[in-house]
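Notes for the one structure printed next.
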Amino acid sequence: MDFLEKLVNAACPDFPKDREVRSTRDSFQWYKVIASSRTLMVPPANILRVNMLELDRFVESVNAFAKCDPTESIYDWEHLNLYEAHEPEEICTMIDRIEEVAKNNLVVCDIETRGLDWEDNILLSIGFATDEDTCYALYNIPIDGSKHNGCTDKIIWDKLQRLFNNPNLKWCWHNGKFDCGKLKYLCNLDAHIDEDTMLLHYVGINEKRGTHGLKDLGQLYLQAPAWDDQLDKIKKDYCKRHKITLAEFHYDDIPTEILIPYMQRDCIATRRLLMLFRRLQRPESQFIYRQLIRAANVYEKVELAGVQLDLDYLEDLEYSLDKEMSTAQKKLDQVAQQIWDPILYSKSTGAKITKNSEKFNPKSPKQLKWMLQEVLGHPVQSTDALMMETLLKQCDEGVIDNPLARDFIQSIMAVRKNHKYMDTYVCGLRQVMCRDFRIRGTFNLHGTETGRLSSSNPNMQNIPRDKKIKNLLRAAPGKVLVQLDYSQAELRVLAMLSGDPSMIKCYVDDLDLHAQVAQDIFGPDFTKEQRVMAKTINFGIAYGRGPSSISANFGVSMAEARGIINKWFRSKPLVKQYIDRQRAKPLRDEECKTILGRVRHFVITDSELNHIQNEYINTPIQSAASDMTMLSLLEIYDWLQDNGLGSQAQIVTTVHDSIILEVDDDSEIVAKVAVKCQDIMAETPHKFIDDCPVPFKADVEVGYSWGNLMELDEYVESKEVAQ
DNA sequence: TGCCCGGGCGCG
DNA sequence: AAAGCGCGCCCGGGCA
């Protein structure tokens, strides 16, 4: 058996005998199906051997090919029924037509907008695919309030809303959260998601990032022509001609005769992908897919809500950070100019001499590395914060004798922190603020391979804990923020998955695990620092953290670090078993799957084996913990709606294992919502996991700004005093 | 000039 | 060689 045959077999063990997979060097032919000879063309074996991304595509393509009839009509892009309407009367008639044709069926919908942002955006067109070959497109939908022959703007928008509300229709999208959010924000249309091909592909077929684009999937699964090439070319030409950057390009610069067919094909591709993915989907993923659909609808509302930015405070902070920055910069300059030599630097590193390199730039790791070499007299392998700490310690101990070193390292650390805050948060947040002073980040339900969410534009999940930054975000006037945090969610999941009696008992008795561990390791008289150490170990050790990393982190010897780890495992034998069990799985070709039916796929290579083993340990834990937050979010959202609290309390953001709501500043409502949310979060794991022996717990905090949160009691009391 | 990468660092 | 996991954003620097 040659390598390609082996690969086909590994990708799809029950590959049909009457079909063939053949290699070709011509990359334009890759993943093309030749129907007459029932052949799938793929890249040559040597490319699949080294290119993981290509191997990934190969696996998907072979699986799809195995389960498809190469003569199926989903591969036909020649005979499509494409209709369009842009005059008000035509639009009216077409909406009726769509409703009539769709009947009790599924409708695929896709929109085109001017850009991707919230502000300065416009809806350009809407497409509706009513079957696998038919798409209706609407554009130039009038919004100027004028009357037309027998049809007003209002009638059109009412008809559209009625269509989206039709209880007999199911709505399918590709990343519908984007479309539905924009329809609401730009046109005040309420649409919802019943099916989503992006989420289905993510959770049912391939969890890897960057594989869910509609264009890629269309080419890989549907033999679709690369119709976006034309679009890309227009984009680039337009930008060149008008001398603008690609980021400044807007889709209304594209002529409608090109944009509309493009959208129609997107709709049809989505429709065909849904049919195909339902056949290819891992059956165990059905449950989590349904939850993701619920979550897409809820996160659409979360994104629309956004969080209020305190612009006055932002400007104060900008001023004070700026002052701090120039102080730190001055201190740095004093030292740096004694060492910095652009010519010497350029000579020894090969870096180009530019205007900028006349002065030392602390943001450049390359320059910093060279500087440290000069100061210390020996090279350093890294210039990160941990290394700087270590070097500073060495200054204290007298290991480093250069008198400049201490000042230099300290000012680098100060300058770095200030720049990070200024560049990423102060400037970054202001840049994405909407005109109503709210920040509307995007939550990517398909953002990670473990099932966690990622967040972008801005990333709402990495706002510094530092008060002075966190206070940039606050509740609107008349509202308070209510933050609900799972207490040690991942460690509770580890207790559950391993079944370790000592961990379970700790949570059943509601004890402090970190203190327990500190006592196990250091004895009953452990110090505060030792508890912090225990905490770090608790979080790290379960993910395969080794003695070298522990010893580097705490400045203890390797032997001591090993001793700590051994003691930790001795008191938690079933955790040790769990870890050993998980580490063994990749060696035996066993899947890495989670309790709610998610799976991670790995190409197991020797060089990355240790890393992959750590992922086998970590993934089921991280995944289940984040799914509990997501499921709790859904339960909380439903409870708020079912109890008519939707306008008094809105979920505004989430951060992995915490949920933040913006609630009316009324202590009765706040207490009611907070306590109920805590209950929901404690109960959710037991609702979705059979025989879960570990109790879960959520803490709640309340406050007017995100950086200054207080206990619920304290808030309620403060309200009583105010009365 | 735009694009991609790696280093660094913010979060859980 | 280095070895805890998962992300996104900023910057510098090299490349086309």
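So that the names make sense, note that chain A is the first sequence line, chain B the second, and so on, each numbered from 1. Just the heavy atoms: all of them, side chains too, but no hydrogens, waters or symmetry mates, feed the values below.
Between A:Arg600 and A:Glu449 there is a salt bridge, with a side-chain nitrogen of the basic residue lying less than 4.0 Å from a carboxylate oxygen of the acidic one. Taking a cutoff of 4.0 Å between a charged side-chain nitrogen and a carboxylate oxygen, A:Glu662 and A:Arg474 do not qualify as a salt bridge. Look at A:Asp627 and A:Arg452 and you find no salt bridge, because none of the NZ, NE, NH1 or NH2 atoms lies under 4.0 Å from a carboxylate O. Salt bridge status for A:Arg531 with A:Asp512: present, with a side-chain N to carboxylate O gap under 4.0 Å.
Taking 4.0 angstrom as the limit, A:Asn361 places a side-chain polar atom (N or O) nearer than this to OP1 or OP2 of C:dG12. Contact between the side-chain N/O atoms of A:Ser364 and the OP1/OP2 oxygens of C:dG13 is found at a separation under 4.0 Å. Taking side-chain N and O atoms only, A:Arg465 has a distance below 4.0 Å to OP1 or OP2 of B:dC11. The phosphate of C:dG13 has OP1 or OP2 within less than 4.0 Å of a side-chain N or O from A:Gln367. In this structure, A:Ser454 reaches the C:dG8 phosphate: one of its side-chain N or O atoms is under 4.0 Å from OP1 or OP2. Remark: A:Lys366 is not in phosphate contact with B:dG6, judged by side-chain N or O atoms under 4.0 Å from OP1 or OP2. Within the 4.0 Å cut-off from OP1 or OP2 of B:dG10, not a single side-chain nitrogen or oxygen of A:Arg416 is found.
Nearest to the side chain of A:Arg545, among C:dG4, C:dC11, B:dC9, sits C:dG4. For A:Ser548, counting side-chain heavy atoms from C-beta on, the closest listed nucleotide (B:dC11, C:dA3, C:dG12) is C:dA3. For A:Arg452, whose side chain is taken as the heavy atoms from C-beta onward, the closest listed nucleotide among C:dC7, C:dC5, B:dG12 is B:dG12. Of the candidates B:dG12, C:dC11, C:dG4, B:dG12 carries the atom nearest the A:His656 side chain, counting heavy atoms from C-beta on. Checking B:dG12, C:dC7, C:dC5 against the side-chain heavy atoms of A:His611 singles out C:dC5 as nearest. Across C:dG14, C:dG13, C:dG4, the shortest atom-to-atom separation from the side chain of A:Lys352 is found for C:dG14. The nucleotide whose nearest atom lies closest to any side-chain atom of A:Thr245 is, among B:dC11, B:dG2, C:dC9, B:dG2.
As a whole-Å value, the separation of A:Arg600 CZ from C:dC5 P is 10 Å. Residue A:Phe443 contributes atom CZ, which lies 17 Å from atom P of B:dC11 at whole-angstrom precision. As a whole-Å value, the separation of A:Asp485 CG from B:dG12 P is 9 Å. Between the CG atom of A:Leu246 and the P atom of C:dA16 there is a distance of 20 Å, given to the nearest Å. The CD-C1' distance, from A:Gln622 to C:dC7, rounds to 9 Å in whole Å.
Looking at heavy-atom distances under 4.0 Å, A:Ser382 makes contact with sugar-phosphate atoms alone, never a base. Residue contacts shown for A:Ala489 are absent, as no nucleic acid heavy atom lies under 4.0 Å away.
When side chains are defined from C-beta on, A:Pro342 does not count as touching A:Phe360, because their heavy atoms never get closer than 4.5 Å. The closest side-chain heavy-atom distance from A:Ile339 to A:Val375 is below 4.5 Å.
For A:Phe539 and A:His514, the gap between ring centers is short of 6.0 Å.
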Listed pairs under 3.5 Å, donor-acceptor, residues 547-565 of chain A side chains, sequence neighbours left out:
unit_1, atom_1, unit_2, atom_2, d
A:Ser549, OG, A:Arg545, NE, 2.5
A:Ser549, OG, A:Arg545, NH2, 3.3
A:Ser551, OG, A:Ser548, O, 3.4
A:Asn553, OD1, A:Arg545, NH2, 2.5
A:Ser557, OG, A:Ala559, N, 3.4
A:Ser557, OG, A:Glu560, N, 3.1
A:Ser557, OG, A:Glu560, OE1, 3.2
A:Glu560, OE1, A:Ser557, N, 3.0

Q: Let me have DNA chain C in dot-bracket notation, would you? Count Watson-Crick plus G-U wobble pairs, both distances under 3.5 Å, and use [ ] for pairs crossing earlier ones and | for inter-strand partners.
A: ....||||||||||||
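Distance check: A:Leu321 CG to A:Lys420 NZ gives 14.0 Å after rounding to the nearest 0.5 Å.
Nucleotides C:dA2 and B:dG10 place their C1' atoms 24 Å apart, quoted to the nearest Å. Only the P atoms considered, B:dC9 is 25 Å distant from C:dA1, to the nearest whole Å.
No cation-pi contact links A:Lys585 to A:Tyr616, judged by a cut-off of 6.0 Å to the six-membered ring centre and 45° from its axis. A cation-pi arrangement is found for A:Lys572 relative to A:Trp568, the charged atom lying closer than 6.0 Å to the ring centre and inside a 45° cone about the ring normal.
Remark: the A:Asn462 side chain and the B:dG10 base include a donor-acceptor N/O pair separated by less than 3.5 Å.
For residues 419-434 of chain A, proximity to DNA chain C is found at A:Lys420, A:Asp423, A:Thr424, defined as any non-hydrogen atom under 4.0 angstrom from a strand atom.
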